[in-house]
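Note sheet for the following structure.
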Amino acid sequence: MDVDRRVRICDTTLRDGEQGPGVSFTSDEKLAIASALDDCGVHVIEAGIPAMGTVEREALQRIAQAGLAADVVGWCRANRLDVAAAEKCTIRSVHLTIPVSDLHLEQKLGRDRKWAARHIADCVSDALDRGLRVSVGFEDASRADDHFVAELAADLTGMGVERLRWADTVGVMEPFDGYGRLTQLTRAVPGVWEIHAHDDFGLATANSLAAVRAGVSWVSTTVAGLGERAGNAPLEEVVMGLRHLHAVDTGVDSTRFRALALLVARAARRPLPASKAVVGRSVFTHESGIHVDGVLKHAATYEPFDPAEVGARRRLLVGKHSGRASLRYALARHGIAADGEELEALLERVRAMTSEHKRPLRFAEIRDLFQTA
Ligand SMILES: [Zn+2]
């Protein structure tokens, strides 16, 4: 694939992420998350929904006026009132959303494709007349007719729309099928597409990477995948996946990812799962004897990338699955040398104690077991 092609990140933790069930950020938390995202160098921050009321608008205004390098975008339904609300909070970029699948148009709105095309063109024209930068989201695009979407895309980019979101709203995109469809769409209307993938089948990251390979230029993400239902494509997985698996650099600084994930987890009141890909606490923690032995000889044996790349630390635990290499290493770090027989005996006692306590051992416990043998 063309590795020089620029792929940019539109992070929507503050909009789609906050739509995760039970999640609510304060204005201070929103500003802190926006600043942290900006420090990472994401290109667009979808900061909230201006039409949600005064409190949301005040938060949006603070973010819009914080001097961030990222483009701050307000998410709007396709109507003039939402766009006017965005203007009130001094936001200069709006994202207008229109359903494009027959399912959504007919069942949700009682409308049809003709109405959708006319209506979104009116709204776009109104927003452009107000001097706003405009992107458009095609809601439920993965279940829409591709010819209709391509025609709509050509019309809207002709009007001056800068970015078009292809939303896999309920996470039903399949990476191989999606790759083919998005290859056609990006050929028909190049340079404007954003993939917005949900994780209902656990495929949000795979679908985002497939879309980039198909020629999509933007990826929509949220920190640690926070979002509606099963969530969105996680920022950290997309950036690291593109870098290490597709040799595509988004320009985003990944060294703050773990701190960013913890910041968002605290604000969302959702603990970061220990096994969360890329940023979870267990991801660079090794316990089993074979793995610790390998990592101590060469970290790449059992790590796909250096933990420092995402601001994480390697940890070696002594637990039920530890081997002699772990014990030798743990003791040596504290200046205690042990020979093979001593280690073998200690290993027996370590296994018994970890089974009894159902947790790894602290160094003091290992030392006591060693010294009281
Ligand atoms: Zn979404």
Side-chain angles (χ1 to χ4, degrees), residues 8-25 30 33-34 37 42-52 56 60 71-78 82 86 93-101 103-105 107-109 116 120 134-144 149 153 163-175 178 181-182 185 192-212 216-239 264 268 270:
R8 285 162 290 182
I9 299 292
C10 171
D11 189 274
T12 181
T13 303
L14 296 176
R15 198 279 301 173
D16 219 348
E18 199 185 20
Q19 283 178 218
V23 178
S24 171
F25 298 136
K30 280 202 148 201
I33 293 168
L37 285 166
V42 305
H43 309 88
V44 170
I45 296 173
E46 196 166 84
I49 305 173
M52 264 178 54
E56 178 84 343
L60 276 164
D71 188 21
V72 176
V73 175
W75 187 94
C76 301
R77 292 162 298 186
D82 278 30
S93 298
V94 288
H95 181 80
L96 307 178
T97 295
I98 185 84
V100 290
S101 69
L103 176 69
H104 271 231
L105 283 168
Q107 301 302 322
K108 193 171 75 173
L109 301 179
I120 189 63
V134 181
S135 58
V136 168
F138 292 151
E139 190 183 17
D140 207 27
S142 54
R143 292 190 292 186
V149 169
R163 177 166 51 88
L164 292 171
R165 173 173 296 170
W166 196 87
D168 182 26
T169 302
V170 292
V172 294
M173 174 180 171
E174 187 283 323
R181 293 173 66 191
L182 286 164
L185 275 178
V192 292
W193 293 98
E194 172 192 319
I195 179 71
H196 178 94
H198 276 273
D199 207 32
D200 295 75
F201 285 94
L203 290 170
T205 301
N207 283 330
S208 300
L209 266 55
V212 168
V216 162
S217 328
W218 292 82
V219 184
S220 183
T221 63
T222 63
V223 175
L226 185 69
E228 295 266 16
R229 306 181 312 282
N232 295 53
L235 168 70
E236 62 281 356
E237 292 180 23
V238 167
V239 167
V264 170
R270 286 215 191 162

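Indexing begins at 1, ligand by ligand and atom by atom, following the structure's order. Excluded from the calculations below are hydrogen atoms, water molecules and symmetry mates; all remaining heavy atoms, backbone and side chain alike, are included.
- Every side chain to side chain donor-acceptor pair (under 3.5 Å) that Asp16 has, sequence neighbours left out, goes to His196, His198, Asn232.
- Of the charged side-chain nitrogens involved, at least one lies within less than 4.0 Å of a carboxylate oxygen, so that Lys108 and Glu139 count as a salt-bridged pair.
- A heavy-atom distance below 4.5 Å is found between the side chains of Cys10 and Arg163.
- Taking 2.8 Å as the limit, the number of protein N, O or S atoms around the Zn ion (ligand 1) is 3.
- With sequence neighbours left out, Glu228 forms a side chain to side chain donor-acceptor pair (under 3.5 Å) with Gln19.
- Distance check, rounded to the nearest 0.5 Å: CG of Leu103 to CZ of Arg143 gives 5.0 Å.
- The salt bridge (charged side-chain N to carboxylate O under 4.0 Å, His left out) check on Arg165 picks up Glu46, Glu194, with sequence neighbours excluded.
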